[in-house]
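A short worksheet on the structure shown next.
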Amino acid sequence: MRNTAPKDAAELEAIETREWMESLDYVLQSGGPARVNKLLLDLTNHARQRGIKLPFSANTLYINTIPVEEQPPFPGSREIERRIKSMVRWNALAMVVKANKAEEGIGGHISTYASAATLYEVGFNHFFKGKGDNHDGDIIYFQGHAAPGIYARAFVEGRLSPELLENFRRELKPGGGLSSYPHPWLMPDFWEFPTVSMGLGPICSIYQARFMRYLEDRGLKKRSNSKVWAFVGDGETDEPETLGAITLASREKLDNLIFVINCNLQRLDGPVRGNGQIIQELEAIFRGAGWNVIKVIWGSEWDALLEKDHDGLLVKRMGEVVDGEYQKYAVESGAYVRQHFWGASPRLLEMVQHLSDEELKKLTLGGHDPIKVYAAYKAAVEHTGQPTVILARTIKGYGIGEAGEGKNITHQQKKLNEDELRAFRSRFGIPIGDEEVSKAPFYRPSDNSPERTYLLERRKQLGGFVPTRTVQVEPIKGESLPELFAEFQKGSEGRKASTTMAFVRMLAKMLRDKEIGELVVPIVPDEARTFGMESLFRQVGIYSHAGQLYEPVDMDTLLYYKEAKEGQILEEGINEAGSISSFIAAGSAYATHGINTIPFFIYYSMFGMQRVGDLVWAAADTRTRGFLLGGTAGRTTLAGEGLQHQDGHSHLLSLAVPTLISYDPAYAYEIAVIIEEGIKRMYRDGESIFYYLTLMNENYEMPPMPDGSREGILRGMYRLRPAAKKTKLRAQLLGSGAILNEAVRAQQMLEAYGVAADVWSVTSYQELYRDGHAVERWNRLHPNEKPRVPYVTECLGSTEGVIVAASDYVKVLPDSIDRWMPRRLTSLGTDGFGRSEGRTALRDFFEVDAKFITAATLSALLQDGKVDAATVQKAIVDLGINPDKPNPAIS
Ligand SMILES: Cc1ncc(C[n+]2csc(CCOP(=O)(O)OP(=O)(O)O)c2C)c(N)n1
Ligand SMILES: [Mg+2]
């Protein structure tokens, strides 16, 4: 009972607030944190029901998420680990400095690893699992620009020779070198995942984690504790791919996934968020998306200061300073920090009175403190039900001092002068003498040194070295394949079908196959119905970790939307980037998990190569195997859809991907031959290639497979229909994909003009192009040997007449093999923007239909002097061609 009445409303409020606080303290004491949580939640809801609009913030304070009291003891020897880390730091730096001494401009990065060293070392010594005995191994995406540090550690471990380090970024030196960044293609025993194109590592890691669950749920792999770690730059989070799929991870409760974002507050040009706080921004994004967020901002030295912060002044100050200013503290003196950070209030200044300027400057950040990093990693690996992101604050170029620590130029820093090298050496206590230091020699402690003994023991306990790429997979036998695909050689016997339908039937059969059935992974980005694949929903189910918690609206139909925990289809929604990330995970599972999964990713071809081309490139680097299927190929085949949908150039883009083999097939048997061969080459013979096939939705009769055409189908062309009878005027018509039937029709039309034409099916200009160049190169380098003959020349060399090629793709494809043709080539193709129209109108517009092929053939004969101009002119009129129509290539 108060004996004096409150003086005013403000005082009343203060008393009221205090009473509420005291009540809360009481509840905390008597009921614990869980009870406080519940109470606050109930109160919040109560307030909302009364119409109170509560402010929303997804942020917590700008301090470490894990309070000191909850920090686990550090289990290792801090001293030895510090020394190991120092050696790795030195070698990483020396590698870059040396490479640039040896060859000016060769590049490399010092500052990324310098900021991330503790984040990696704690992982290497305590968390990252290798694939040794009793371990499935973790899946680790190393930040691309930190590669020197990862090499340096492998060197200290004794896995990489000094010669290899010497040849960092000079891979073509005798004996080999080290690739600039993680590239499994270039270092197939070392790197597992390419990460250097920013954003691709993070999105691939999410789908990788989900694919691990998929394998477990389908019974293809035992459930394990393996984690997927993705090390990401804070600047890298600006790539849409980095954050674009994070809700999938929380939705699927991927507690096997850990992002470690190295928040050094800088990217290449300058600060990531000079005027804001990247850590707080990312915290809000990830918390909002349902992730477990662990902030590791302040090192242990700050604990005592924070403990003294009874009125929250320090925490408030921490939260209001922007990143640009924090970066400035990293390059400035202790006196500057005292004045500008602590000087914000006399109370703050008082808190650090006992510290010298030097001590103030040395207060470590969380990402450089093994104790804090260990606590975060431990909490992350033990967390269940959600993915975890660790936001670790560091300084870019940490330890390189005057040479660039914290400076805007630091990302590009590649050289250190003698003084700077000496300073770094001394700071990290590397036993290298003053006379030698300018040469930046590598330093590896002796085999029986405490550091080596410790580090090797740690790796042994954790299952072996990482990164290591190994391939241990049982090849498939493929004995049932010839029979499986045999029916497609017969043709459709009068019935009309599209190549997409034919493919879907093949897929359904493969899914039922005894040997490969369970390995097939169909992947669709919300396009299954477009491609007539809905029958598979029911046949094998759509994968869903949660099963199906509702009754689908179409339950009473035969082809209902069936989701199941053991479902086989990966239905990724409208997400080509995610789908191809799944494709990469499934197509490289032979190495990651020792399982030969065979992905078939079917999608709109326009939203493939050009939309997610960089991921296709990364798929190749990853040595991915599998099939990409571009639906409704060709600029004129997909009627109605128009400019953004009609694909006339994906084959041009796919041509550039070295391990991707592309086909534009026209008939079911061609597809059957290609897929059967592909499965054998990739999964029986272990070739690291993948396939791109375009499929169509145009229905026509599928002819039977001509005898002896198998090799030609695979190599790129074969004679489909020889001319009925040979006349004086001769022509060779090359057709592919959707336009092959136009060439067949032109063959008949040309008979009326006395021209006997052979029709060839060109299944792959890309294969013909690669073969032509390979042969040409061989001949160039072997002048004394009998020259080899390109396959195109072999096919057309002994033929007669003009050569006309027509496809539903850009003309540069046939043009690319022109030089190996025995005679000049006329090419028709679909350069230009598509239109919404019907097929007939489109083929007329793009000048690729039978009448244009006929006219082009006659025109070529005119140039050869075989017919006169009047004949061609008459044909143009007779065929109804408007010679003054707009040029489709530029209209
Ligand atoms: C897609 C892509 N764009 C640009 C680059 C060039 N690049 C390489 S590193 C880098 C800055 C990286 O900053 P951050 O992600 O913060 O990593 P840090 O080095 O600071 O750890 C840039 C722009 C790239 N590798 N990939
Ligand atoms: Mg950065």
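Note that the structure is a prediction, hence the values are computed from the model and not measured. For ligands, and for the atoms within them, numbers begin at 1 and follow the listed sequence.
- By the 4.0 Å heavy-atom criterion, His109 is excluded from the residues contacting ligand 1.
- Each of the atoms 18 (P), 19 (O), 20 (O) of ligand 1 lies under 4.0 Å from some heavy atom of Lys396.
- Here the two rings, on His126 and Tyr377, have centers that are 6.0 Å apart or farther.
- Here Gln266 has backbone heavy atoms under 4.0 Å from ligand 1, and that is the only part of it that gets that close.
- The Mg ion (ligand 2) has Gln266 among its coordinating residues (N/O/S atom, backbone or side chain, under 2.8 Å).
- The nearest protein heavy atom to atom 24 (C) of ligand 1 is closer than 4.0 Å.
- Around the Mg ion (ligand 2), the angle linking Asp234 (OD1) with Asn264 (OD1) is 100°, rounded to 10 degrees.
- No side-chain donor from either of Lys407 and Gln327 sits under 3.5 Å from a side-chain acceptor of the other.
- In summary, the atoms of ligand 1 found under 4.0 Å from a heavy atom of Glu239, numbered by their order in the structure, are 1 (C), 2 (C), 3 (N).
- The proximity of His145 to ligand 1, defined as any non-hydrogen pair under 4.0 Å, is limited to the side chain.
- Close approach of ligand 1 to Gly235 (heavy-atom distance below 4.0 Å) involves ligand atoms 14 (P), 15 (O), 16 (O).
- Which parts of ligand 1 touch Asn264 is read off a 4.0 Å heavy-atom cut-off, strictly below it: atoms 18 (P), 20 (O), 21 (O).
- Listed by number with element, the atoms of ligand 1 under 4.0 angstrom from any heavy atom of Thr112 are 18 (P), 19 (O), 21 (O).
- Asp255 places no side-chain N or O within donor-acceptor distance of the main-chain N or O of Gln386, the cut-off being under 3.5 Å.
- Heavy-atom contacts of Val196 reach the following atoms of ligand 1: 24 (C), 25 (N), 26 (N) (cutoff under 4.0 Å).
- Not a single heavy atom of Ser115 sits less than 4.0 Å from an atom of ligand 1.
- A side-chain donor-acceptor contact under 3.5 Å links Glu420 to the backbone of Asn417.
- Here the two rings, on His145 and Tyr113, have centers that are 6.0 Å apart or farther.
- Side-chain contact check for Thr60 and Glu283: at least one donor-acceptor pair (N or O, by modelled atom type) lies under 3.5 Å.
- The existence of a salt bridge linking Arg83 and Glu451 is confirmed by a sub-4.0 Å separation between a basic side-chain nitrogen and an acidic carboxylate oxygen.
- Aromatic pair Phe231/Tyr141: ring centres not closer than 6.0 Å.
- Around atom 17 (O) of ligand 1, the closest heavy atom drawn from Met198, Gln143, Arg267 belongs to Gln143.
- Looking at Asp234 against ligand 1, both its backbone and its side chain come within 4.0 Å, counting heavy atoms.
- With hydrogens and angles left out, the side-chain atoms of Glu236 and Thr242 include no donor and acceptor closer than 3.5 Å.
- Considering every non-hydrogen atom in both Ala392 and Gly367, the closest pair reads CB-CA, 4.2 Å.
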